[in-house]
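Since this is a predicted model, take the numbers as computed values, not measurements. Scope of the values below: all heavy atoms of this structure, side chains included, with no hydrogens, waters or symmetry mates. Counting begins at 1 with the first residue of the sequence.
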Amino acid sequence: MYRCFVTLIIGGISGRHYGKRLIVRKIILFSLVSLLAGACSTVPEPQISAPEPDLAVKNTSVVVADSGLGNSIDSLPAATAPQMTVSEQSDLVFSILSGEIAGRLGLVELASDNYYDASVASDDPRVSERATKLALFAKNLQQAAPASLRWVELAPENLEAWQQRARVLIQLDDVEQATFAIEQVVELSVGEPGSVIPPLVASVLPQADTAAASQLLRELAERFADSAHTQHGIGQLALSRGEHQLASQAFERALAINPNDAVTLLARARLQLSGGTGTGGEQAFEPVQQYLARSPEDLDAHIGFAQLLADSGNADEAAEQLEVIYNNFPGDADALYTAGLLALELRRIDNAERYLSSVAALDKHQDEANFYLAQIADSKSDYQIAIDRYREVQGGEQYYSAQIRAAELHGLVGEVEAGRELLTQLKSGTSDRTTTIELINAESRLLTFDGQYEESLQLLSDGIKQYSDETGLLYSRALVAERLNNRAVFETDLKRIIDIQPDHSHALNALGYFLTNRNERLDEAEEYLLRAHELSPDDAAITDSLGWLYYQLGRYVESLQLLKQAYAALPDPEIAAHLGEVLWVSGDQEQATKVWQEALRETPGDDLLNRVMKKYIR
């Protein structure tokens with residue numbers, strides 16, 4: 001079998017012209033022989049006989065590496081044309097095998113070339129399918145176009161074939177044929193056009209240029225003028241592309257077909273409020289309000305209208321709509337949960353608490369509701385209530401965040417051991433590296449907050465023994481080491497972080513600011529802080545550090561520019577202390593005093609701020 005097969009492949013080579021792909025084909029042949037030798041060497045050689053007309057070679061499946069093209073062909077296709085000669089058959093087999101091996105070797109263009117050759121010769125639609133997908137992957141539209149045409153000719157009932165054909169044609173700006181292909185998809189699909197066209201077109205449009213995309217939407221809008229769902233989908237697609245006129249026309253067509261389509265009423269109102277149609281304000285809301293008066297039971301419409309009101313800046317009206325939802329749908333956990341989140345977005349905290357409390361008493365969204373209720377209590381400094389709510393979270397994405405915050409709040413109310421016990425239980429219940437590291441850091445913060453610096457340092461050191469290159473643990477230990485005036489550990493850990501992760505802007509900032517505050521190795525500090533600022537130019541803390549460094553270097557103009565920028569972004573007492581000092585030393589004592597006094601009103605007990613003021617104001 002093995003000799004016969006290799007003879008067949010070599011026969012295919014000898015029957016072909018020697019071109020630019022010959023050397024690569026020899027490489028592929030060598031790879032093929034290597035692949036087959038182990039599997040076939042023990043198979044008895046069959047008696048030599050004349051090849052059958054439907055020659056097919058089995059067990060040659062090879063997946064094209066990392067192509068996302070799906071499974072390879074399980075068996076080589078039979079030559080269905082009776083007049084195909086043995087030489088032509090061997091050429092076909094060779095092209096397919098070459099394509100598969102080339103794909104495995106990462107030679108996508110060569111794989112595409114070979115499959116395209118095979119698709120021309122083969123009547124098997126699987127070959128045309130693979131040729132189309134390879135050509136698209138290789139961005140070879142000149143091959144993808146005829147390959148996809150061959151595919152739909154051989155498999156006219158194949159839905160995917162027409163979908164891929166549409167993608168190819170829109171990239172070639174052939175809107176008429178792309179529209180025809182989409183029509184074939186609709187005919188072959190289950191359901192009405194509105195459920196098929198929008199998602200298909202949405203996947204096609206990114207490959208089209210602006211003019212072709214616009215033309216395609218207009219063509220489809222005309223051809224499916226009697227489908228409200230399709231018109232709505234086209235309107236949304238047009239809106240996403242900024243084509244407001246086309247979107248407006250599509251929405252109006254949809255509403256002419258179905259005046260009670262709440263989704264389209266809301267979409268049209270949103271478009272009108274954006275100024276896309278020249279109308280807006282109360283006129284935009286009226287049709288939606290009239291619909292809700294006729295259909296007060298339409299929960300989705302109430303929620304959509306509340307969101308529309310919120311997004312358009314009508315917070316009071318949105319809050320009223322949320323009250324309607326709360327009163328009219330008291331047992332609907334989905335509705336109340338959505339209302340709670342929207343109330344939080346509107347900063348109507350008391351309303352949000354009421355809605356979410358109702359959700360927590362139902363049998364759905366309980367964990368999420370308890371998490372947000374805990375955050376509300378946390379923000380009000382009602383720490384015991386917050387702890388209870390956080391601990392009510394029993395699962396979901398917020399589970400560990402909730403339990404960790406509960407542990408931290410235990411520490412805040414003087415229950416450090418209760419917090420540590422909770423974190424220990426959490427650690428024993430997980431083997432996930434990321435979660436374990438997060439829990440170690442949380443316990444370290446708990447100990448640090450309680451003033452147990454040595455215990456915190458030891459905990460982090462034990463964690464680093466287990467996770468030696470974990471930058472989060474190293475950074476936490478560096479900060480604790482600074483509290484203990486352990487300079488060696490502080491600098492060593494930060495430099496190690498920078499070695500592991502050169503773009504760690506916080507480590508660069510911490511080391512640079514440490515040196516700046518001590519007026520030591522300022523050239524080195526500048527190098528760290530410039531790198532940190534380049535990586536995170538909008539980080540106010542880093543901008544403050546660099547401004548403070550320039551003050552130490554006597555570069556007052558640059559220092560003031562950076563410190564003013566930092567303070568505008570983050571009115572922090574430490575930044576205020578720095579900015580005020582530089583203003584004072586620069587001769588602007590009045591402005592310095594104003595900055596300090598503003599900061600002092602917000603944080604009267606800040607130690608640094610008070611020390612700096614006492615230094616200059618006698």
Side-chain angles (χ1 to χ4, degrees), residues 347 349 375-383 386 405 408-409 411-414 445-446 448-451 453 476 478-480 482-485 490 505-506 508-520 522 525-526 528-529 532-533 536-618:
R347 305 301 301 163
I349 304 302
Q375 288 191 320
I376 291 171
D378 203 341
S379 68
K380 294 178 178 179
S381 300
D382 293 333
Y383 296 131
R405 183 58 183 161
E408 290 174 339
L409 291 181
L412 197 61
V413 298
R445 290 193 299 271
L446 194 62
T448 301
F449 177 80
D450 195 47
Y453 302 132
S476 296
L479 298 184
V480 175
E482 184 183 22
R483 298 251 188 157
L484 290 167
N485 294 316
F490 176 82
S505 58
H506 295 301
L508 291 163
N509 178 58
L511 191 50
Y513 185 65
F514 177 84
L515 296 173
T516 298
N517 253 356
R518 286 156 181 76
N519 203 19
E520 297 175 2
L522 295 184
E526 184 175 16
Y528 292 136
L529 292 176
H533 191 255
S536 303
D538 298 325
D539 190 309
I542 293 173
T543 303
D544 168 66
S545 298
L546 186 57
W548 190 237
L549 168 70
Y550 285 153
Y551 170 63
Q552 302 287 5
L553 292 171
R555 295 159 61 176
Y556 294 168
V557 174
E558 293 166 277
S559 174
L560 279 174
Q561 181 182 357
L562 289 167
L563 290 172
K564 287 178 180 178
Q565 179 185 334
Y567 190 62
L570 179 66
D572 176 85
E574 185 173 4
I575 300 176
H578 292 161
L579 175 58
E581 182 166 345
V582 180
L583 284 167
W584 188 283
V585 173
S586 299
D588 193 348
Q589 286 84 7
E590 182 180 350
Q591 185 62 28
T593 303
K594 181 180 177 182
V595 169
W596 286 332
Q597 288 177 341
E598 285 178 355
L600 200 61
R601 280 195 294 271
E602 296 296 323
T603 53
D606 187 78
D607 181 59
L608 175 62
L609 191 58
N610 281 289
R611 278 192 287 111
V612 171
M613 291 181 70
K614 287 178 183 178
K615 177 180 175 182
Y616 290 100
I617 299 177
R618 304 294 181 182

Could you check whether the rings of F490 and F514 sit parallel, tilted or perpendicular, using 30° and 60° as the cut-offs?
tilted
If you measure from [atom1] on [X] to [atom2] on [Y], what distance do you get to the nearest 0.5 Å?
X	Y	atom1	atom2	value
L563	L583	CG	CG	8.5 Å
E558	L546	CD	CG	8.5 Å
Y513	R518	OH	CZ	9.5 Å
T516	Q552	OG1	CD	7.0 Å
L579	Q565	CG	CD	12.0 Å
L515	L511	CG	CG	5.0 Å

Under 3.5 Å donor-acceptor, S559 side chain and W548 backbone
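Looks like no, no N/O pair under 3.5 Å.
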Given 3.5 Å as the limit, does a donor-acceptor pair link the side chain of R483 with the main chain of L479, or not?
no
Around atom NZ of K380, are there more than 12 heavy atoms of other residues, nucleotides or ligands at under 6.0 Å?
yes
For E520, does the CD atom sit with more than 12 other heavy atoms under 6.0 Å from it, leaving out its own atoms?
yes
Under the criterion side-chain contact (heavy atoms from CB on, under 4.5 Å), I'd like the reasoning laid out for Y550 against V557: C-alpha separation, chi angles, the key distance, then a yes or no.
CA-CA 9 Å; Y550 285 153; V557 174; over 6 Å; no
For residues [X] and [Y], report the shortest heavy-atom separation together with the two atoms involved.
X	Y	value
L446	G411	CD1-CA, 3.5 Å
L409	A386	CD1-CB, 3.7 Å
T603	P573	OG1-CB, 3.5 Å
L562	T543	O-CG2, 3.3 Å
A592	G580	CB-O, 3.2 Å
S536	S505	OG-OG, 3.1 Å

Is the closest side-chain heavy-atom distance between [X] and [Y] below 4.5 Å?
X	Y	answer
Y528	N509	no
E408	D378	no
I575	H578	no
Y567	D544	no
N610	L600	yes
Y551	E581	yes
I617	W584	yes
L553	E526	yes

F449 ring centre to R445 NZ or CZ under 6.0 Å, with the angle to the axis within 45°?
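Pair R445/F449 does not count as cation-pi.
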Going through the checks in order, is the side-chain contact (heavy atoms from CB on, under 4.5 Å) test met by I349 and R347?
CA-CA 5 Å; I349 304 302; R347 305 301 301 163; 4.1 Å; yes
